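Read through the structure below, which is laid out as structure tokens, and then see the notes.
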Amino acid sequence: MTDSDIPQAVDAAVAAPAVQSPSPSFDEIGLHSLILQAVKQTGYTVPTPIQAQALPEVMAGRDVMGAAQTGTGKTAAFTLPILHRLMPLANASASPARHPVRALILTPTRELADQVFESVKRYSLYTPLRSAVVFGGVDIGPQKDALRQGCEVLIATPGRLLDHLSQNTVNLSQVGILVLDEADRMLDMGFLPDLDRIIRALPAQRQTLLFSATFSAEIRKLARTYQKTPVELEVAKRNATADTVTQIAYPVAEEDKRAAVVHLVKSKGLNQVIVFSNTKIGTSRLARQLERDGVKAESIHGDKSQADRMKALDAFKAGELEVLVATDVAARGLDVAGVPCVINYDLPYSAEDYVHRIGRTGRAGASGDAISLYTPAQEKLLIEVEKLIKRPIERGQLMVPKRDLDSSRGSSARSLPAHDRGRGRGKAYVEPPKPVIDEFFLKPYEPSASAPSKPAAVKPTAPNRKAGLGVLLGAAPKPVDKDTANSGEPVGN
DNA sequence: AAAAAAT
């Protein structure tokens with residue numbers, strides 16, 4: 001599933017506010033009938049805002065610079081018009097063999113590449129247009145075969161594409177359309193030199209589409225370098241978080257975080273939770289520990305083999321896991337339909353990543369919960385996030401029954417000194433204040449009420465609503481107060 | 001400071 005799978009026909013009526021300006025249907029936009037056929041089969045009738053804006057521009061051949069949140073239907077916003085533009089080519093159908101690549105779509109991660117590929121395949125189902133995807137971590141042989149067969153649309157991650165280029169197994173000399181998806185992410189990941197090398201292999205005469213979560217100075221520079229007077233489209237507000245996502249943060253001591261996750265999952269019967277951790281090692285470890293605690297969990301991060309990554313993701317999508325523990329490899333672009341809850345086990349180092357992480361829930365107008373666990377030392381990160389999203393995040397108090405806490409505490413966490421002891425800064429080490437964790441609770445955490453009318457792609461098992469068992473939150477939402485918020489900051493950070 | 005991506 002990808003961004004393009006926003007079920008307009010179904011959800012628009014329920015979750016999305018009625019569109020005031022009469023949005024044209026896909027019929028009226030003038031997409032090629034064979035593409036329209038595939039669109040209709042998915043059940044969509046009305047384009048999302050980004051689609052409504054981008055389709056005409058891209059179909060007209062203009063360069064587009066688009067800022068759109070994930071979950072806005074961004075993938076279809078470029079996939080559909082690209083296929084439309086390539087249709088004359090397919091109609092000619094003179095020499096079916098050895099068609100050179102006409103459209104190239106670059107993405108930062110392998111999973112995203114695969115998702116975009118799935119989307120292209122779906123929408124080109126009734127057309128003669130062919131597509132292929134290349135990315136690292138898997139055998140290059142089959143990719144070479146696919147490229148030799150010929151494809152009009154190629155989706156790729158930069159590294160493997162360069163590999164193909166150097167081996168002369170791909171011909172990019174006829175690429176008339178280039179898409180840089182999640183461009184901000186690609187820059188973050190240091191792909192600029194790779195992008196540069198790839199783009200130098202493309203014709204200068206081409207249409208270039210650039211999608212990014214934000215229009216930072218770097219992105220604008222990228223646009224200036226590779227685009228010609230792009231049309232700027234900005235759909236959702238930059239750095240906005242969906243209104244349908246309930247956000248809450250709990251102060252939890254580092255060694256209690258695991259127990260907190262177990263309780264959030266178990267006591268509420270949450271069955272499809274993505275838990276974000278900041279490190280690859282921490283991600284693996286947490287998944288293992290959760291398994292020991294009786295939570296079905298798998299991890300996904302960059303040190304795992306591509307096969308393992310796909311396996312974990314598929315198992316999660318199939319509903320076989322309660323928890324997917326992930327690094328930020330999963331923060332962007334990943335689209336598992338209807339994830340009802342995201343937990344930040346660690347707050348991300350950058351506030352922008354927070355936006356991407358919680359963008360995994362509350363997609364397409366569905367409701368979702370984003371829960372962040374933070375130590376007092378991490379509160380400043382939380383404040384950074386609030387500044388970025390321009391809204392306060394409710395603070396709660398999470399309580400876990402003491403006996404569960406103790407049983408779930410590993411031997412490891414306890415003994416570790418949580419913070420570095422003074423690095424000669426002349427200050428004594430101060431144990432950060434611990435949130436009160438005790439046997440009783442005030443008010444249970446409830447997953448947000450309005451259940452999405454459209455069930456997740458994965459059929460959720462009946463939530464076992466044994467509230468009260470343990471996890472609790474009380475503490476009235478406290479308005480953010482920058483002054484007091486910082487006061488408990490411990491030494492060191 | 002961390003993660004991702006070609007091998």
Side-chain angles (χ1 to χ4, degrees), chain A residues 70 104-117 133-144 147 154-170 172 180-199 201 212-213 218 254 274-287 299-310 312-313 324-334 344-357 359-360 374-375 377-378 380-381 384-385 418-420 423 492-493:
Chain A
T70 49
L104 174 65
I105 302 170
L106 296 176
T107 73
T109 66
R110 299 163 181 174
E111 278 79 6
L112 186 54
D114 207 35
Q115 285 176 172
V116 174
F117 175 54
V133 63
V134 301
F135 51 75
V138 295
D139 253 11
I140 199 169
Q143 295 179 357
K144 289 180 179 174
L147 291 170
L154 178 63
I155 301 100
T157 50
R160 181 54 70 87
L161 182 62
L162 281 173
D163 198 351
H164 281 287
L165 265 180
S166 65
Q167 296 191 46
N168 242 310
T169 48
V170 65
L172 300 181
L180 303 177
D181 195 14
E182 306 265 7
D184 51 340
R185 183 61 156 182
M186 290 204 269
L187 290 189
D188 285 351
M189 288 165 61
F191 277 149
L192 191 55
D194 287 355
L195 290 184
D196 209 62
R197 284 176 58 202
I198 292 166
I199 295 174
S212 169
E218 290 76 22
E254 195 62 42
I274 300 180
V275 176
F276 283 104
S277 158
N278 281 358
T279 65
K280 291 182 277 202
I281 291 175
T283 299
S284 284
R285 188 174 48 212
L286 180 59
S299 62
I300 181 167
H301 59 71
D303 275 355
K304 294 197 120 185
S305 73
Q306 196 57 31
D308 282 351
R309 281 162 63 165
M310 286 175 176
L313 195 57
L324 182 68
V325 191
T327 59
D328 281 318
V329 69
R332 304 196 188 204
L334 264 205
N344 286 314
Y345 185 85
D346 298 311
L347 279 174
Y349 290 111
S350 100
E352 268 187 29
D353 285 333
Y354 176 92
V355 177
H356 288 287
R357 286 179 179 189
R360 299 308 100 205
Y374 67 101
T375 62
Q378 292 168 331
K380 63 164 63 160
L381 293 173
E384 284 305 310
V385 170
H419 300 263
D420 56 320
R423 304 167 220 163
N493 65 345

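Predicted model, so just to flag it, every value in this text is computed and none were measured. Computed from heavy atoms alone, side chains included, the values below leave out hydrogens, waters and symmetry copies. Naming: A, B, ... by sequence-line order, numbering from 1 per chain.
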Can you build the contact string for nucleotides 1-7 of chain B? Use B for base contact, S for sugar-phosphate-only contact, and - for no protein heavy atom under 4.0 Å.
BSSBBBS
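Take A:Asn344 and apply the side chain to side chain donor-acceptor pair (under 3.5 Å) test, not counting sequence neighbours, and it matches A:Arg357, A:Ser372. Residues passing the side chain to side chain donor-acceptor pair (under 3.5 Å) test with A:Glu384, sequence neighbours excluded: A:Lys387. For the salt bridge (Lys or Arg N to Asp or Glu O under 4.0 Å) test, residues two or more places apart in sequence or in another chain that qualify with A:Asp346 are A:Lys257. By the side chain to side chain donor-acceptor pair (under 3.5 Å) test, A:Lys280 pairs with A:Asp303, sequence neighbours left out. Listed by chain and residue number, A:His164 satisfy the side chain to side chain donor-acceptor pair (under 3.5 Å) test with A:Thr169 (two or more places apart in sequence, or in another chain).
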